[in-house]
Amino acid sequence: MKVHELKGGGGVRLHVREWGEETAPSILFIHGWSQSHLCWQRQYESELADAFRLVALDLRGHGMSQAPLEPDHYTQPRLWADDIAAVIEQLDLHRPVLVGWSYGGFIVGDYLRAYGTAEIAGINFVGAVVTLNKEALGTLIGPGFVDNVVGATSDDLPTNIEAIRRFLRANTSTPLPADLFETALGWNMAVPAKVRAALVAREIDSDDVLAALTVPVLVSHGHKDQIILPAMGEHIVATCPRAVPSWYPDIGHMTFVEEADRFNSELMQFAQDAQERQP
């Protein structure tokens, strides 16, 4: 495992870790709202690291990356796009597959709008969200998020903690093991409430970007997802002509944790196929 400190959009310091051989084909993991690179443990400690160069960043405002509190650091799409471009360029990743979980779907969209697909081989949308507006709340974005976002963005610490506990429980269809839940609660609480609030202070519509995609796209989504509803996965598949769905019947928002073996196997096959299609 290697640790990197990179400069992202606007000079914000990004914490990035990698596993596997530097010369191997690469996969870049982009986590979700209030999360951390740690959520990908069941990927970077798996056989994926034997076949690929796995790279996972802490998004700006999250984990061990710099967390400025001013909203402008989180409401400008170009900054998110520049963060992903910085990781690809500064680590010299050769056409990685992007894996965007949850809010990571927005960031993938930001990157594609600014930079296109020339530097990537494919995309795996994982319980990903690509639309954010009032109409999406309750129809595409579920109660596990909607019912807890006010508390999770509160500066009152007891309110904040309880909301994040509820949010974390809503991420899975069955309870997480106690040690994993405690660790996940820790990485969630590492994100300042003001950062969480800024992340949802923008309207987003990535449909035009999805419709124009020419690289392979895999959509991994749990049928019991209460954070990002299955309707969002269906929307991505309907909008993106290259998208192929992979549905997890009894799984919630964290497919890559709840059914890690299947997820890893499908990601390995998808990434291998995507890399082989590269010019």
Side-chain angles (χ1 to χ4, degrees), residues 1-4 6 14-32 35-59 62-64 83-84 87-88 90-105 107-108 111 117 119-128 171-172 176-177 179-180 183-184 187 215-222 225 233 242-248 251-278:
M1 189 269 291
K2 297 178 182 178
V3 177
H4 306 278
L6 310 180
L14 301 175
H15 181 86
V16 185
R17 299 195 176 202
E18 68 167 284
W19 300 261
E21 294 295 331
E22 190 171 330
T23 57
S26 55
I27 300 175
L28 176 55
F29 293 94
I30 306 168
H31 66 72
Q35 304 302 309
S36 157
H37 77 273
L38 290 165
C39 69
W40 304 109
Q41 181 178 5
R42 294 188 179 178
Q43 282 64 60
Y44 60 71
E45 292 184 354
S46 77
E47 292 181 354
L48 282 169
D50 297 330
F52 294 92
R53 182 185 184 190
L54 306 181
V55 179
L57 77 157
D58 285 340
L59 296 175
H62 296 69
M64 298 174 70
D83 287 350
I84 302 306
V87 174
I88 294 173
Q90 294 178 42
L91 295 187
D92 195 23
L93 305 184
H94 179 64
R95 291 179 59 85
V97 166
L98 303 183
V99 180
W101 173 43
S102 198
Y103 197 96
I107 298 168
V108 171
Y111 172 80
T117 60
E119 300 299 326
I120 64 170
I123 303 163
N124 184 191
F125 287 114
V126 183
N171 267 261
T172 55
L176 291 171
D179 59 341
L180 179 54
T183 303
W187 77 56
V215 297
V217 176
L218 174 64
V219 177
S220 307
H221 212 116
D225 193 338
R242 296 300 307 272
V244 175
S246 178
W247 295 103
Y248 290 68
I251 302 300
H253 192 47
M254 301 180 78
T255 52
F256 55 94
V257 172
E258 289 193 85
E259 204 163 328
D261 288 345
R262 173 185 163 185
F263 179 88
N264 293 346
S265 176
E266 291 184 354
L267 176 57
M268 179 175 289
Q269 188 63 59
F270 174 75
Q272 287 173 341
D273 291 346
Q275 295 283 352
E276 288 173 0
R277 290 191 182 101
Q278 292 187 61

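- Nearest heavy-atom pair across Ala274 and Val97 is CB-CG2, 4.1 Å.
- Taking the side chain as every heavy atom from C-beta outward, Glu18 and Leu93 never approach each other to under 4.5 Å.
- Remark: the backbone N or O of His253 is paired with a side-chain donor or acceptor of Trp101 at under 3.5 angstrom.
- The minimum heavy-atom distance between Val219 and Ala243, with the atom names listed, is CG2-CB, 4.0 Å.
- Between Ile84 atom CD1 and Glu119 atom CD the span is 13.5 Å, to the nearest 0.5 Å.
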>> Between His31 and Leu59, does the side chain to side chain contact (heavy atoms under 4.5 Å, CB included) criterion hold? Intermediate values first, please.
In response: CA-CA 7 Å; His31 66 72; Leu59 296 175; 3.5 Å; yes
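- In this structure, Phe256 and Cys39 approach most closely via the heavy-atom pair CE1-O, 3.3 Å.
- Residue Phe29 holds its CZ atom at 11.5 Å from CG of Leu57, rounded to the nearest 0.5 Å.
- Residue Thr172 holds its OG1 atom at 9.0 Å from CD1 of Ile251, rounded to the nearest 0.5 Å.
- Other residues, nucleotides and ligands place more than 12 heavy atoms under 6.0 Å from the CD atom of Glu45.
- Considering only heavy atoms from C-beta on, Trp40 comes within 4.5 Å of Val99 through its side chain.
- For the pair Ile27/Asn124, no side-chain contact is recorded, criterion being any heavy-atom separation below 4.5 Å from C-beta on.
- Within the 4.5 Å cutoff, side-chain heavy atoms of Phe263 are placed close to those of Val126.
- Heavy atoms only, all atoms of each residue included: Pro216 and Ala121 are closest at CD-O, 3.3 Å.
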>> Set out, in order, the CA-CA distance, both residues' side-chain angles and the distance that settles side chain to side chain contact (heavy atoms under 4.5 Å, CB included) for Val257 and Leu180, then state yes or no.
In response: CA-CA 10 Å; Val257 172; Leu180 179 54; 3.8 Å; yes
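- To the nearest 0.5 angstrom, Tyr248 atom OH is 13.5 Å from Met254 atom CE.
- Asp58 places a side-chain N or O within 3.5 Å of a backbone atom of Met64 that can act as its donor or acceptor partner.
- Remark: the backbone N or O of Asp261 is not paired with any side-chain donor or acceptor of Ser265 at under 3.5 angstrom.
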>> Let's go through Ile120 and Ile88 carefully: what are the C-alpha distance in whole Å and the side-chain angles of both, what is the deciding distance for side chain to side chain contact (heavy atoms under 4.5 Å, CB included) to 0.1 Å, and is it a yes or a no?
In response: CA-CA 9 Å; Ile120 64 170; Ile88 294 173; 4.3 Å; yes
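- Note that CZ of Arg17 and OG of Ser36 are 8.5 Å apart. Values are rounded to the nearest 0.5 Å.
- Looking at Leu91 and Arg53, their side chains come closer than 4.5 Å, going by heavy atoms from C-beta outward.
- Side-chain contact between Ser246 and Arg262: present, with at least one pair of heavy atoms (C-beta onward) separated by less than 4.5 Å.
- The structure places CZ of Arg42 at 11.5 Å from CD of Glu259, a figure rounded to the nearest 0.5 Å.
- The minimum heavy-atom distance between Ala24 and Ala51, with the atom names listed, is CB-O, 3.8 Å.
- With hydrogens and angles disregarded, no donor-acceptor distance shorter than 3.5 Å links the side chain of His94 to the backbone of Ser26.
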>> Test side chain to side chain contact (heavy atoms under 4.5 Å, CB included) on His4 and Gln90; report intermediate values, then the result.
In response: CA-CA 10 Å; His4 306 278; Gln90 294 178 42; over 6 Å; no
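- A distance-only check finds no donor-acceptor pair linking the side chain of Gln43 to the backbone of Leu48 [under 3.5 Å].
- The local environment of CD in Glu21 is sparse, with at most 12 non-hydrogen atoms from other residues, nucleotides or ligands closer than 6.0 Å.
- No side-chain heavy atom of His37 sits less than 4.5 Å from a side-chain heavy atom of Trp187.
- With a 4.5 Å cut-off on side-chain heavy atoms, Phe125 and His221 do not count as touching.
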